[in-house]
Amino acid sequence: MEITFQFDWAAAFGSIPHLLPGVPWTLLISFGGLAIGFFIGILFGLLRISPLRWLRWPAIVYVEVFRGTPILVQVLFIFYGLPQLLGSPINALTAGIAAIAVNSGAYISEIVRGGVQSIERGQREASLSLGLSRSQAFRYVIWPQAFRRMIPPLGNQGIISIKDTSLFSVIGVGELVRQGQIYIATTFTALEVYFMVALMYLVITWTLSILLRQLERRGLAGQ
Amino acid sequence: MNDDATQPIVRMQALNKHFGNLHVLKDIDLEIVPGEVVVVIGASGSGKSTLIRCINGLEEYQLGKLEVDGSQLLPFGKSNRALQRIRTEVGMVFQQFNLFPHLSVVDNITLAPMKVRGWSRADALETANRLLERVGITDQAHKYPAQLSGGQQQRVALARALAMEPRLMLFDEPTSALDPEMIGEVLDAMRELAKEGMTMVIVTHEMGFAREVADRVIFIHQGEITEQGEPESLFDNPQHERTQSFLSRVLTH
């Protein structure tokens, strides 16, 4: 007997209204987490290159811990583990945002460190030779150049974090994958629905890619 | 700060610097008076760049005494306030130009006067435009460094340093990274500056230029001042064997 497999376009398009409510959750967790992760990343990235060893140390430990453990374990720890420690539950949205924040923060701090360290020593020397203080040299000369170099890897990290939020279906937060699972449970159209879920991720990440490419082009215009 | 024209603007006494086990500068004694143009020559690795980088504290030294423009520069880089004051009075031009690539030509020049000296943007702009004209860069004020030739970049770097109205200018091999056809334009700008009476310390391999503009030439070998004197006597009648062999190598090729 011949098995014919049919992709049911009607089922695929029909799933869209059921999936769309997941989009704002996915975006909220991604960008909420990334925004916090960005600040964590700048803070720890700069601590990491501090001349003072007792400032570098916590940054190294932070990066190793959160880069070296799976984000799925991190979110499970935050959602199920931390409440036992705190004595009060943490809602799934907060747990998701926190997991993206601490996880992306670890990677972003490495991006920040690499960006700042990539600026030629002569830039700092020229700034100091003009009488700028060390903090002025950093603010007006080193950081603007480092930030431009950080844009591509930051965009990369943004895309990775957006996709990482799909794991948070396990803690029941109503993001894209979770919405898909709920819908499939009643229609059994896994092929079509996961196809549409994938497509929606692609639309989000692609949009981000295009925006970043424009930002990059504008940033590099003068160089 | 130090208005007495006969007082040295740089005074080094028994200055010593080590890079780990390497003894880079050995008991350097050097005084430079206002208006003097001093050219430092020597083989690569002799310590000549390190010597002038000590003057504005880009390199720290370990032993000896260093006074610049009336302020003590302490060993081991300890002396933040004096150090920053000295740097506002001492300009530097680097081998690799070190222009700020994210800023336009004019912003490269106005940054320090505005942030360090507290000048208004209008004042800083006026100075920038005057200096650009002086170094022969016109109609390029709003370009970015990467859009300029090496010779133009180095002249912008000179204008950037001059915008702080320094009392002393340091040049660390300013033409070594330039294509041969651009060396002349940079040397011309420096020649002008020397004529106007700027105090200058120049590390260079351009012996013809040294002979022409220097009041005094210093030859450094393995971290020591081997010989110094007026260009005519040092170039034409070097006393020390090391100087003779160095000059015969650089002048005959």
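This is a predicted model, so every value here is computed, not measured. All chains are named by letter (A, B, ...) in the order of the sequence lines, taking the proteins before the strands, and each is independently numbered beginning at 1.
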S.K.: Verify salt bridge (charged side-chain N to carboxylate O under 4.0 Å, His left out) between B:D107 and B:R121, making sure each step is shown before the conclusion.
M.R.: CA-CA 10 Å; B:D107 288 342; B:R121 179 155 186 83; 3.3 Å; yes
S.K.: Checking B:Q62 against B:N16: is there a side-chain donor and acceptor pair closer than 3.5 Å?
M.R.: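 No, no side-chain donor-acceptor contact under 3.5 Å.
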S.K.: Output yes when B:E31 and B:R11 qualify as a salt bridge under the 4.0 Å nitrogen-oxygen rule, no when they do not.
M.R.: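 Result for this pair is yes, salt bridge flagged.
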S.K.: Name the region of B:F94, side chain, backbone, both or neither, that has any atom closer than 4.5 Å to a heavy atom of chain A.
M.R.: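 Side chain only.
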S.K.: Does any backbone or side-chain atom of A:R134 lie under 4.5 Å from a heavy atom of chain B? Answer side chain, backbone, both or neither.
M.R.: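 A:R134 touches chain B through side-chain heavy atoms alone.
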S.K.: Identify which part of B:R160 has an atom lying under 4.5 Å from any heavy atom of chain A, answering side chain, backbone, both or neither.
M.R.: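 Answer is both: backbone and side chain atoms of B:R160 are under 4.5 Å from chain A.
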S.K.: Using non-hydrogen atoms and a 4.5 Å limit, figure out which bit of A:Q136 sits close to chain B: side chain, backbone, both or neither.
M.R.: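 Side chain of A:Q136 only, per the 4.5 Å heavy-atom cut-off to chain B.
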S.K.: Are any of the side-chain nitrogens in B:E192 or B:R134 under 4.0 Å away from the carboxylate oxygens of its partner?
M.R.: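 Salt bridge flag = no for B:R134 with B:E192.
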S.K.: Any salt bridge between A:R121 and A:E125, counting N to O under 4.0 Å?
M.R.: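 Yes, charged N to carboxylate O under 4.0 Å.
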S.K.: With a 4.5 angstrom heavy-atom cut-off, could you sort out which part of B:L99 is near chain A: side chain, backbone, both or neither?
M.R.: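 Backbone only.
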